[in-house]
Amino acid sequence: MAMKSCLTKRAAGMFMVGLVAAGLFSGCQRNAGPLPTLAPITTPALTPAPTPIAPAPSVQAGTPSAAPSPAAPQGPLATAAPARFGAEDLAFDGLQMNRDASRTTVDEFVARFGEPLERTLYEEGATGDLICELVYPFAQARFTKSGADAAYCLTGLEVTTDKIAGPRGVKVGAAASSVRALFPQETQDEFEGAQVLYAFDVIDEADRHDLVPPSGTYRLDSDGSGNAHLAFPLDGEPRTPQDIMGYVYLPHADLVINFAQNRVESFTLAVGAYAE
């Protein structure tokens, strides 16, 4: 299989209101003769004191006053970057293509989608695995029985209509740009005309030019054709130079999403080694 691979408020000042009141007094003088008639002392009326104004609440120096709470944001403030294509993507639309007992069997597939137009059984020469291939108007499915497997399990699927949704909800007919948004972009590199989203390594030799998985590429040409190609090794990232150079012999999950007229035309998902 070919590979195309980030609110200050300052405390309000307080003020004090002082009250001013005026007072008036008078005295009298003692004389030796008869006391004269004294004019009555008139005390001017005092102006009533104004109603005190309540002082502003005390604010401790250096402590900002409370601010009104901002309105709660609607929806997330930020969207996390999508994850790389990985093991969780092998469970999609009720189907399982991983390597445990939950894998979809041929009988379960037929029970859901009905009898196929064609059914082919054969033995794969290089591995001795038994293969069952089913052909439907909307898809072709491959099931493998190997080793101690008691049943044929789903190891490959090509979908050409919107009857089955692929990993991350990819469907035939969806905009190609919507597929690009499903996977992370970790580099600005290019590889054979495709944008490299991420890659473990690059093999660049005279007779060999490969991206080593886990990897992802995306290409959309001016005529609306192209593809997205995502892959990861089922047993973890390569650990040795031999693993890197010989990655094609290690089991991988491989997803290819094909575009035509700026839309998804088909997609293929498979698990296994690129070469035997």
Side-chain angles (χ1 to χ4, degrees), residues 1-5 82-106 108-109 123-134 139-159 164-170 179 182-184 186 191 194 196-203 208 210-218 227-258 266-276:
M1 290 181 280
M3 296 192 338
K4 304 284 182 183
S5 65
R84 292 180 172 188
F85 177 59
E88 62 280 358
D89 292 308
L90 300 183
F92 57 96
D93 202 6
L95 302 173
Q96 298 270 0
M97 203 182 287
N98 44 36
R99 296 193 296 178
D100 59 31
S102 64
R103 288 179 297 178
T104 300
T105 67
V106 64
E108 291 169 336
F109 197 91
E123 180 178 329
E124 196 166 61
T127 63
D129 293 341
L130 300 177
I131 307 298
C132 176
E133 291 185 349
L134 306 182
Q140 294 187 41
R142 172 189 171 104
F143 299 83
T144 301
K145 183 177 181 180
S146 62
D149 289 342
Y152 287 91
C153 297
L154 184 63
T155 55
L157 181 66
E158 180 183 7
V159 178
I164 299 176
R168 309 195 184 190
V170 170
V179 173
L182 294 175
F183 302 97
E186 302 174 8
F191 180 83
V196 178
L197 305 180
Y198 56 88
F200 181 80
D201 204 350
V202 178
I203 298 174
R208 188 176 178 190
D210 287 350
L211 288 182
V212 179
S215 61
T217 63
Y218 176 89
N227 63 65
H229 186 184
L230 297 306
F232 74 91
L234 296 177
D235 294 328
E237 294 182 347
R239 297 175 178 83
T240 67
Q242 290 76 17
D243 286 347
I244 293 174
M245 296 303 294
Y247 79 91
V248 294
Y249 300 104
L250 303 176
H252 288 77
D254 197 81
L255 172 64
V256 179
I257 306 169
N258 297 305
S266 66
F267 66 84
T268 301
L269 177 61
V271 294
Y274 292 113
E276 301 295 346

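Starting from 1, each residue takes its place in the sequence as its number.
A231 and D254 make their closest contact through CB-OD1, 3.6 Å (heavy atoms, listed as atom of the first residue, atom of the second, distance). Taking all atoms of both residues into account, the shortest heavy-atom contact from P238 to P213 is CD-O, 3.7 Å.
Listed by chain and number, the residues in a ring-ring contact (aromatic ring centres under 6.0 Å, His included) with F267 amount to none (sequence neighbours excluded). The side chain to side chain donor-acceptor pair (under 3.5 Å) search around E237 returns none, not counting sequence neighbours. With sequence neighbours excluded, no residue satisfies salt bridge (charged side-chain N to carboxylate O under 4.0 Å, His left out) with E88. Take R239 and apply the salt bridge (charged side-chain N to carboxylate O under 4.0 Å, His left out) test, not counting sequence neighbours, and it matches no residue. Not counting sequence neighbours, the partners of E186 by the salt bridge (charged side-chain N to carboxylate O under 4.0 Å, His left out) test are R84. Not counting sequence neighbours, Y152 has no partner by the ring-ring contact (aromatic ring centres under 6.0 Å, His included) test.
In this structure, CG in L130 is found 14.5 Å from CZ in F143, a value given to the nearest 0.5 Å. Rounded to the nearest 0.5 angstrom, Q242 CD and L250 CG are separated by 11.5 Å. Atom CG of D210 and atom OH of Y274 lie 10.0 Å apart (nearest 0.5 Å). A distance of 11.0 Å separates CD of Q96 from SG of C153, quoted to the nearest 0.5 Å. Here the CG-OG1 distance, from N98 to T155, works out to 12.0 Å after rounding to the nearest 0.5 Å.
There is no side-chain donor-acceptor pair under 3.5 Å between Y247 and D201. Using modelled atom types, one finds a donor on one side chain and an acceptor on the other under 3.5 Å when comparing N258 with S266.
Between V202 and V212, the closest side-chain pair of non-hydrogen atoms is not below 4.5 Å. Using a 4.5 Å heavy-atom threshold, the side chains of T104 and M97 count as separate. Residues T268 and L157 have side chains not in contact (no heavy-atom distance under 4.5 Å, counting atoms from C-beta outward). In this structure the side chain of L95 reaches within 4.5 angstrom of the side chain of F109, judged on heavy atoms. Between P233 and P251 there is no side-chain heavy-atom pair separated by less than 4.5 Å. In this structure the side chain of L182 never reaches within 4.5 angstrom of the side chain of P82, judged on heavy atoms. Between Y218 and F183 the shortest side-chain heavy-atom distance does not fall below 4.5 Å.
In summary, the aromatic rings of F232 and H252 are positioned with their centroids too far apart to meet the 6.0 Å limit.
Checked by atom type and distance alone, the side chain of R208 pairs as donor or acceptor with a backbone atom of M245 at under 3.5 Å. Between the side chain of R103 and the backbone N or O of L154, no donor-acceptor pair lies under 3.5 Å.
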Derivation of the side chain to side chain contact (heavy atoms under 4.5 Å, CB included) call for F85 and Y198: CA-CA 10 Å; F85 177 59; Y198 56 88; 3.6 Å; yes
Worked verdict on D89 versus R168 for side chain to side chain contact (heavy atoms under 4.5 Å, CB included): CA-CA 7 Å; D89 292 308; R168 309 195 184 190; 3.0 Å; yes
Criterion side chain to side chain contact (heavy atoms under 4.5 Å, CB included) on L90 and V271, from CA distance to verdict: CA-CA 9 Å; L90 300 183; V271 294; 4.3 Å; yes
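At a threshold of 4.0 Å, the pair K145-D129 does not count as salt-bridged, since none of the basic side-chain nitrogens sits closer than that to a carboxylate oxygen.
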